[in-house]
Amino acid sequence: REQVQVAGSSTVLPYSTIVAELFGENTDFGTPVIESGGSSTGLRRFCEGVGENTIDIANSSRQIRDSEVEECAANGVTDIMEVRIGYDGIVFASAQSGASFAFTPADWFNALSAKVVRDGAIVDNTAASWAEVNPELADQEILAFVPGTRHGTREVFDEKVIAQGCEDSGALEVFTAELGEEEAEAACMTLRTDGRSVDIDGDYTETLARIGSSPNGIGVFGLSFYENNMDTLQVATMSGVTPSTETIASGEYPVSRPLFIYVKKAHIGVIPGVKEFAEFFVSDAIAGPDGPLAAYGLVSDPELASVQQAVADETTMQ
Amino acid sequence: MTDHPRATGAKSLYVQDARTRRRNAAEKRFRAYGLTAIVIACTMLAVLVFTIVRDGSGAFRQTYLSIPVALDAQVLDPKGNRDPAEMAGVLTLSYGQVLDRALDAAVAGLDLQIEGLESGDIDGLISRDASAQLRDRVLADPDLVGQTVDVNVLANGRIDGYFKGRVTMETAARDANTSPAQLMLADELVKAGLLVTRFNAGFLTAADASDQRPEAAGVGVAILGSLYMMLVVLVLAVPIGVAASIYLEEFAPRSRWTDLIEVNIANLAAVPSIVFGILGLAVFINFAGLPASAPIVGGLVLTLMTLPTIIIATRAALKAVPPSIRDAALGVGASRMQTVFHHVLPLAAPGILTGTIIGLAQALGETAPLLLIGMVAFVREFPAAPPEGLFDPASALPVQVYNWTQRSDPAFVERASGAIIVLLIFLLCMNLLAIFLRRKFERRW
Amino acid sequence: MYDTIRSESAVSQQDIKISARDVQVFYGEKQAIKDLNVEILDKTVTAFIGPSGCGKSTFLRCINRMNDTIDSARIAGRITIDGEDIYDRRIDPVQLRAKVGMVFQKPNPFPKSIYDNVAYGPRIHGLARGKAELDEIVERSLRGAALWNEVKDRLSEPGTGLSGGQQQRLCIARAVATSPEVLLMDEPCSALDPIATSQVEELIEQLRTQFSVVIVTHSMQQAARVSQKTAFFHLGNLVEYGDTDDIFTKPRDSRTEAYISGRIG
Amino acid sequence: MYDTIRSESAVSQQDIKISARDVQVFYGEKQAIKDLNVEILDKTVTAFIGPSGCGKSTFLRCINRMNDTIDSARIAGRITIDGEDIYDRRIDPVQLRAKVGMVFQKPNPFPKSIYDNVAYGPRIHGLARGKAELDEIVERSLRGAALWNEVKDRLSEPGTGLSGGQQQRLCIARAVATSPEVLLMDEPCSALDPIATSQVEELIEQLRTQFSVVIVTHSMQQAARVSQKTAFFHLGNLVEYGDTDDIFTKPRDSRTEAYISGRIG
Amino acid sequence: MPMSWALLAAILLAVAGFLLGRSRAHATAAQDVRTLHSRPAYHGMNAALAVMLPALVVLILASGLRMSGVIPVASGPVAGLLALAAAVAGLGWAVTRAGRGFRARNSVERMVLGLMIFCSMIAIATTIGIVLSLIFETISFFRQYSLADFFFSTVWSPRFEGNSRLGMLPLLWGTLYISFIALLVAVPIGLLAAIYLSEYASPRLRSIAKPAVEVLAGIPTIVYGLFALVTVGPMLRDWIAQPLGLGNSGSSVMTAGLVMGIMLIPFVSSLSDDIINAVPQSLRDGALGLGSTPSETVRSVVLPAALPGIVGAILLAASRAIGETMIVVLGAGAAATISANPFEAMTTITVKIVSQLTGDNDFSSPETLVAFALGLTLFVITLGLNVIALIIVRKYREQYE
Ligand SMILES: Nc1ncnc2c1ncn2[C@@H]1O[C@H](COP(=O)(O)OP(=O)(O)OP(=O)(O)O)[C@@H](O)[C@H]1O
Ligand SMILES: Nc1ncnc2c1ncn2[C@@H]1O[C@H](COP(=O)(O)OP(=O)(O)OP(=O)(O)O)[C@@H](O)[C@H]1O
Ligand SMILES: [Mg+2]
Ligand SMILES: [Mg+2]
């Protein structure tokens with residue numbers, strides 16, 4: 001095989017393609033083939049075994065799970081290098097034509113949760129406009145396009161926005177008191193199903209198109225997607241912070257997640273270019289704050305140097 | 001017999017009786033329904049094709065920038081020995097700087113006054129792909145270093161979008177990736193003849209490009225990939241499908257066993273295409289050890305997916321051939337095989353061809369099964385000529401469409417529609433022969 | 001019986017049912033009928049005779065415009081029924097065909113049950129008020145076509161599973177069931193045994209009391225038996241037309257004579 | 001002529017071409033042929049007569065196993081040709097049908113050119129060494145079927161565009177072109193005029209010198225003219241089988257007599 | 001590649017075999033070819049097939065074994081030689097037999113029939129392959145998730161944290177509902193179009209309209225999806241659903257059904273058109289001759305005669321409807337709900353198979369594995385539906401055949 005083969009998350013895909021393209025242009029190795037298909041497929045293919053007809057690197061928008069590592073090991077894929085390539089910011093944006101928003105997690109919880117606490121009692125959520133949720137917000141119909149349950153983004157959205165909002169708004173306490181700890185967590189994260197919260201199983205372009213046909217909608221996007229579509233989207237602040245690579249890198253903007261690539265160590269030295277590609281990926285010129293990835297919207301890892309070191313040393317996971 | 005009621009009450013044939021009028025009205029209505037149905041179908045086709053062409057025709061035109069570039073030996077060949085191997089150590093980033101400098105100089109030479117124009121705006125006019133193009137050119141001919149050459153490179157996607165109406169001054173004001181000043185500069189450069197919009201052959205020949213370079217993305221690899229896959233499908237699916245149908249329809253004894261096969265085939269048609277991807281991954285890649293992302297695997301999977309369509313269509317067509325024709329042939333001592341191949345098959349050919357057209361159309365446009373066998377991928381390198389090329393990684397036209405519709409840069413919308421146009425043309429070319437043959441074989445008896 | 005016919009042959013104008021003037025039919029380039037003129041009388045059986053391929057079926061199909069369904073067929077001239085030009089734009093071929101029934105040369109039963117085959121015409125023309133009446137029409141037509149006894153126990157079996165002669169009679173029954181004013185029969189007895197033939201001939205004789213019947217036949221005996229008028233076709237020409245016994249006993253044209261005496265074919 | 005035949009009727013075993021023993025045919029539940037026993041001689045014309053629907057075609061189709069193509073048909077008994085059981089597993093029906101040609105009751109030309117219709121058999125059996133020889137076979141067959149003059153200028157036109165009688169003769173020519181050893185003809189002259197009929201009868205007479213011919217006909221005259229042996233079928237039974245002139249002059253069975261004299265059908 | 005050389009050599013040998021077989025047949029026949037059982041060309045073809053088939057079998061077996069690693073890659077030349085040996089053996093056998101008594105046609109036809117049977121076995125093999133590639137993951141899904149909940153629960157809500165509810169009923173309902181609407185659009189339009197094309201349209205119109213309509217089947221489904229999302233969805237919402245108070249969802253079963261119906265039109269129209277066209281003209285003549293109008297002829301004679309083929313076309317369209325994803329995702333949304341309101345968002349099994357399989361979940365978690373279970377379940381359900389369809393068609397056909 002002449003090219004490195006990479007598969008996995010569609011969130012990591014654009015970054016990988018940028019790197020692959022540059023890698024192909026600037027080295028003697030072939031341009032790696034980057035497949036999309038989701039973190040799950042990527043890791044599944046990664047863990048299918050060692051050999052020419054398995055992939056070398058998996059893109060993932062989340063950390064590999066223990067069960068997956070076990071499965072990998074069962075198929076003979078034992079030495080896995082985990083490489084964190086940076087962070088992905090998750091932003092809330094609406095149509096340019098509409099009002100602008102300054103949200104807090106609690107707003108989102110109160111707007112989208114199936115059950116909310118009103119006057120200390122748990123009631124079904126009937127809020128119809130953002131102003132009902134928080135008088136400071138615009139009086140615009142609630143219509144949120146949130147990532148479907150297949151997206152890793154949804155996990156972050158659930159944890160960092162909805163669960164956070166549940167806690168911030170004090171609903172968690174009430175839920176815990178009424179339902180017990182476990183049920184309370186579930187109750188926090190159950191979204192309403194009356195059409196105000198629309199799951200998007202497609203990608204950000206679908207969300208964008210839906211905002212196009214329903215201009216009241218507010219969508220959840222990746223930072224880089226928003227940055228490429230600033231002419232049609234306006235971004236909302238979260239807890240007063242405007243999302244940008246800087247605010248996310250500094251940790252001010254709360255909603256973000258790390259992105260990874262997993263490298264099959266057994267392929268290093270067998271498939272030409274595997275290690276070189278990984279090194280190229282996290283090099284300063286590429287993944288640094290001034291590199292093309294950052295320009296595209298990837299939040300550069302503040303600890304990039306240690307990542308580079310780990311790749312150079314071929315450090316594997318334990 | 002004498003007391004039969006009369007069919008027609010009216011004496012004159014010129015006058016239609018009430019019942020005939022009613023029946024004729026029903027006839028007219030029925031005809032109108034039929035025509036309406038066709039008009040609906042054709043209108044939908046027109047609407048869809050119109051939107052595709054409207055959105056996609058832009059992909060066939062592209063804005064180019066032509067400037068003289070001084071190839072600075074200091075930057076490009078620090079050691080000064082013109083050794084291509086050493087010069088390869090110079091990254092595209094450096095070439096980018098060379099280009100930026102050249103453009104700055106060119107703009108400065110024009111002596112323009114544009115408010116708010118920053119140096120970043122000027123550099124932003126050039127596509128990120130340009131540096132790679134220049135590097136390739138220099139590495140191919142190291143003696144160029146030190147000279148000043150005229151280069152013709154792609155302009156950035158936003159600038160291109162400006163000339164296609166996608167980007168306006170208004171949106172540029174909101175967009176961090178461009179600025180009104182940059183657009184004004186672009187206008188000036190057009191006047192100066194440095195920026196031109198012309199036919200974009202690269203769209204058809206170039207490989208895919210990353211998110212940052214929509215202007216450089218093309219369907220070259222995808223066309224090859226689709227072509228290879230369709231070759232495999234055509235070579236396998238049509239003969240296998242027709243052979244299986246002939247066996248089932250003409251030879252197989254009517255038994256539970258053939259019922260089973262029949263239901264089975266009908267059921268395969270209902271299997272979601274992604275499941276064929278799962279099958280392909282399990283059987284062709286993991287079991288048979290064929291390479292992933294390769295057109296051969298894609299072709300095999302699509303063959304399995306298309307087979308039911310072809311078989312169902314072919315069986316229906318075979319069934320429609322009147323038995324008297326078979327009797328006639330058998331009666332002069334033709335074997336069943338001869339009867340089928342000499343008489344039945346030609347008469348069933350229109351239906352078989354229709355099944356082939358529809359099956360291939362489906363196969364050509366399908367993405368989901370390719371997802372799991374690694375063909376929904378970013379592939380920059382062209383596969384070799386067949387048969388080896390069948391085993392090289394390649395993309396496919398629907399994959400390119402699928403990928404591009406997911407990209408964040410709005411410039412890819414146009415590319416995706418452009419790829420759809422290419423796909424439809426591909427489909428038409430593929431079907432043309434079939435349609436011609438079908439007309440030739442069509443007859444009533 | 002022949003006496004009456006002979007007196008009828010001095011017909012007044014209104015007795016003419018069908019009249020053809022200068023009819024020419026082409027299949028593509030090939031001319032199948034050349035300048036045909038004929039007047040077919042009401043309440044009469046007219047026999048068309050002539051060697052195979054001379055244009056009998058072609059002309060028959062012109063009379064109820066079945067040639068419309070053949071793309072390559074082109075017709076010139078004028079055919080009137082009851083004085084009305086059937087190729088007039090105002091004419092509705094559907095109504096025409098309901099009035100002018102046809103039995104085709106090749107039996108073509110529908111792939112439906114025997115019952116449905118016969119009931120088809122009455123159903124579309126609304127000839128029966130109810131199931132019972134329809135049953136009755138079906139039975140009467142099948143009896144008329146001498147098929148009832150053979151099929152009465154298998155009315156719901158497909159018509160295509162009948163023997164050749166049975167199919168032919170089924171098609172006769174089907175045509176009779178719509179009670180057309182003119183019945184065109186293209187060799188209706190070709191696959192029938194003598195008994196069945198004579199039964200069908202009886203039916204024709206019956207029909208004649210009300211309707212006009214045109215029958216194509218290769219059997220001179222049959223023509224002589226059932227028809228009052230005979231037309232002799234030869235190579236696309238209507239060579240001779242006249243009272244049946246005149247034609248058979250004193251043909252005017254030498255070709256007619258040759259054909260009848262079995263010398264040309 | 002009849003003298004020779006009569007002497008032949010005291011046949012030795014080897015002159016029997018086809019022999020049927022206890023043949024029964026069912027279409028689904030319905031029994032179409034009941035316990036049929038017959039021996040058909042070589043170099044003889046055998047006529048099958050009987051009322052429509054009595055099983056003549058059915059039995060004819062048994063002889064070259066064309067009934068295999070009807071799903072619902074089931075055959076019991078034993079039919080041998082030249083002493084070989086044709087329903088034996090070792091028998092190749094294709095070879096059988098090449099040896100036993102058939103003209104079907106309903107003309108069924110291929111939707112191909114007239115030439116190809118006739119040339120098809122010789123082509124698949126490799127009867128002609130070259131184009132010229134094939135041309136010759138086609139011409140000879142078409143002449144034999146009395147069609148050559150009518151179609152010689154339009155050999156490349158489709159056979160389906162012929163008139164009914166022409167199609168019938170085309171099918172005869174097609175069957176003759178493969179020169180089978182036994183020729184089964186199901187009402188080959190039903191759509192033919194007397195002249196064409198007599199030409200086909202001449203052909204049959206010619207064929208008889210070499211082959212065995214079985215012909216189904218509804219015309220007693222024809223049966224009497226062309227056949228040496230006649231079999232009378234009635235309601236699925238072979239009622240009587242014998243020398244043609246015996247059957248027509250002194251039938252043993254009352255049903256035969258009734259049929260011949262035109263009393264049952 | 002020695003194996004491809006072997007293939008090439010086998011092809012050459014086959015050609016040689018053809019010529020040899022034929023000439024040998026000619027030779028034994030001496031003057032009269034009629035004395036041969038089969039035409040010389042068949043003796044030739046027999047030899048060619050006798051060369052090709054064994055060679056191909058050896059080559060395919062060898063490459064299969066080589067790919068899956070059972071035999072070493074270096075065994076290519078050995079396999080090639082083996083294949084050649086097989087080819088030569090076949091050649092010897094066929095050529096020595098060619099001649100007067102040999103039933104070459106039967107032999108050729110037996111081989112061709114064998115090939116045909118092999119081809120129809122591919123369908124069975126595919127089915128087995130599909131079941132096998134789904135079954136293991138399905139079993140491991142049911143180890144982690146209750147069978148009853150999967151089949152009978154009406155709640156579908158997968159979660160990353162676990163504790164997902166994965167009831168398939170809402171998906172099944174959505175699948176059936178959307179397919180039903182799609183067929184409601186496609187079948188009448190497609191059938192009427194087919195009838196118009198084959199019975200009324202001029203040859204010119206037909207020769208243009210038929211291929212044009214077929215293009216509808218070739219437009220990538222994403223185009224339909226976007227059309228549903230951007231145009232049809234809002235239109236239905238603003239003009240029908242909202243005024244009638246049936247909700248204000250931009251995506252709905254109706255949207256997806258309508259748009260999918262359009263995509264399916266050619267499946268019904270083109271195939272049916274061919275079948276209708278194949279109905280013998282004499283049947284039409286029979287009906288027209290009785291004074292029925294063309295439309296009556298079509299409805300009562302032509303359509304019943306063409307029915308088996310038309311049913312096939314409709315089943316094909318239905319199958320396509322069940323298997324479609326993109327249009328449903330963009331047109332009907334991703335919400336798994338059970339509702340009779342056609343203006344509400346719903347989703348289908350196929351969509352969820354794709355989305356769970358290509359999502360970001362843990363690949364060994366029930367959330368991902370459910371895709372396999374859904375695939376297998378759908379397989380079984382459609383199998384049942386097909387059996388029912390077959391039985392119904394048989395019943396109906398028995399009346400006539
Ligand atoms: N395919 C079939 N399915 C069921 N019954 C059939 C089929 N073909 C013929 N029959 C029946 O079998 C009997 C014998 O039919 P057959 O065709 O042999 O008659 P036949 O003697 O040739 O009559 P004809 O002179 O009318 O052609 C008839 O009653 C007929 O209805
Ligand atoms: N569809 C057609 N296309 C071309 N030529 C045709 C067609 N139908 C008939 N013919 C030709 O027209 C001539 C007259 O045919 P027609 O069918 O009228 O003969 P016919 O008198 O009915 O003969 P038959 O007694 O054999 O049925 C014949 O030469 C025939 O070949
Ligand atoms: Mg005729
Ligand atoms: Mg018969």
Q. Are the side chain of Glu381(B) and the backbone N or O of Thr31(A) linked by a donor-acceptor pair below 3.5 Å?
A. yes
(Q) Using heavy-atom distances under 4.5 Å, tell me whether Leu22(A) contacts chain B through its side chain, its backbone, both, or neither. (A) side chain
Q: Select one option (side chain, backbone, both, neither) describing which atoms of Tyr204(A) are under 4.5 Å from chain B's heavy atoms.
A: neither
(Q) Please find the pair of heavy atoms, one from Met230(A) and one from Arg174(B), that lie closest to each other, and give the distance. (A) CB-O, 3.6 Å
(Q) As an exercise, state the distance from CG of Asn228(A) to CG of Asp175(B), rounded to the nearest 0.5 Å. (A) 8.0 Å
**Q.** Leu372(B) portion near chain A, given a 4.5 angstrom heavy-atom threshold
**A.** both
**Q.** Test log, rule side-chain contact (heavy atoms from CB on, under 4.5 Å), inputs Ile285(B) and Glu48(A)
**A.** CA-CA 11 Å; Ile285(B) 298 183; Glu48(A) 239 147 32; 5.9 Å; no
Q | Structural part of Asp392(B) lying under 4.5 Å from a heavy atom of chain A | A | neither
Q: Might you point out which heavy atoms bring Glu21(A) and Ser210(B) nearest each other, and give the distance in Å?
A: OE1-OG, 2.7 Å
**Q.** Among the listed options Arg213(B), Arg380(B), Met375(B), Arg407(B), the residue most often paired with chain A at heavy-atom distances under 4.5 Å
**A.** Arg213(B)
Q. From Ile34(A) CD1 over to Ser293(B) OG, what is the distance, rounded to the nearest 0.5 angstrom?
A. 10.0 Å
Q) Using a cut-off of under 4.5 Å for heavy-atom pairs, which of Ala7(A), Gly38(A), Gly30(A), Ala20(A) has the most such pairs with chain B? A) Gly30(A)
(Q) Can a side-chain donor-acceptor contact be found between Gln406(B) and Ser10(A) if the only test is distance below 3.5 angstrom? (A) no
Q) Minimum heavy-atom separation for Ile18(A) to Gln212(B), with atom names? A) CG2-OE1, 3.3 Å
**Q.** Reported OH-to-OG distance for the pair Tyr296(A) and Ser408(B), which is rounded to 0.5 angstrom
**A.** 2.5 Å
Q: Can you tell which part of Gln3(A) gets under 4.5 Å to a heavy atom of chain B, answering side chain, backbone, both or neither?
A: side chain
Q | Heavy-atom proximity to chain B below 4.5 Å, by part of Ser36(A) | A | both
**Q.** chain A contact via Asp136(B) - side chain, backbone, both or neither, heavy atoms under 4.5 Å
**A.** neither
Q.
Let's test your reading of the structure: which of Phe221(A), Tyr15(A), Phe225(A) forms the most heavy-atom pairs below 4.5 Å with chain B?
A. Phe225(A)
Q. Can you name the nearest heavy-atom pair linking Ala377(B) to Glu35(A), along with the distance?
A. CB-CG, 3.6 Å
Q. When heavy-atom pairs shorter than 4.5 Å are enumerated against chain A, which of Val167(B), Asp409(B), Leu371(B), Val379(B) gives the highest number?
A. Asp409(B)
Q) Which atoms of Gln96(A) come close to chain B, meaning under 4.5 Å heavy atom to heavy atom: side chain ones, backbone ones, both, or neither? A) side chain
Q: Start with the C-alpha gap between Asn26(A) and Arg135(B), add the side-chain angles, then the distance that decides, and say whether side-chain contact (heavy atoms from CB on, under 4.5 Å) holds.
A: CA-CA 9 Å; Asn26(A) 288 306; Arg135(B) 181 171 180 269; 3.7 Å; yes
Q) How long is the gap from CG on Asn229(A) to CG on Asn177(B), to the nearest 0.5 Å? A) 9.0 Å
**Q.** Residue, of Asn53(A), Leu208(A), Asp28(A), Val6(A), that accumulates the most heavy atom pairs under 4.5 Å with chain B
**A.** Asn53(A)
Q | Sidechain-backbone polar pair: Thr171(B) side chain, Asp231(A) backbone, donor-acceptor under 3.5 Å | A | no
Q.
With chain B as the partner, which of Pro292(A), Ser16(A), Gly24(A), Ser224(A) has the greatest number of non-hydrogen pairs under 4.5 Å?
A. Pro292(A)
Q: Can you tell which part of Thr92(B) gets under 4.5 Å to a heavy atom of chain A, answering side chain, backbone, both or neither?
A: both
**Q.** Under 4.5 Å from a heavy atom of chain B, the part of Pro32(A) involved
**A.** backbone
Q) Checking Ala209(B) against chain A: side chain, backbone, both or neither under 4.5 Å from a heavy atom? A) both
Q: Kindly give the heavy-atom pair with the smallest separation between Ala292(B) and Arg45(A), and that separation in Å.
A: CB-NH2, 3.4 Å
**Q.** Contact summary for Pro393(B) and Gln5(A), nearest pair of heavy atoms
**A.** CG-NE2, 4.4 Å
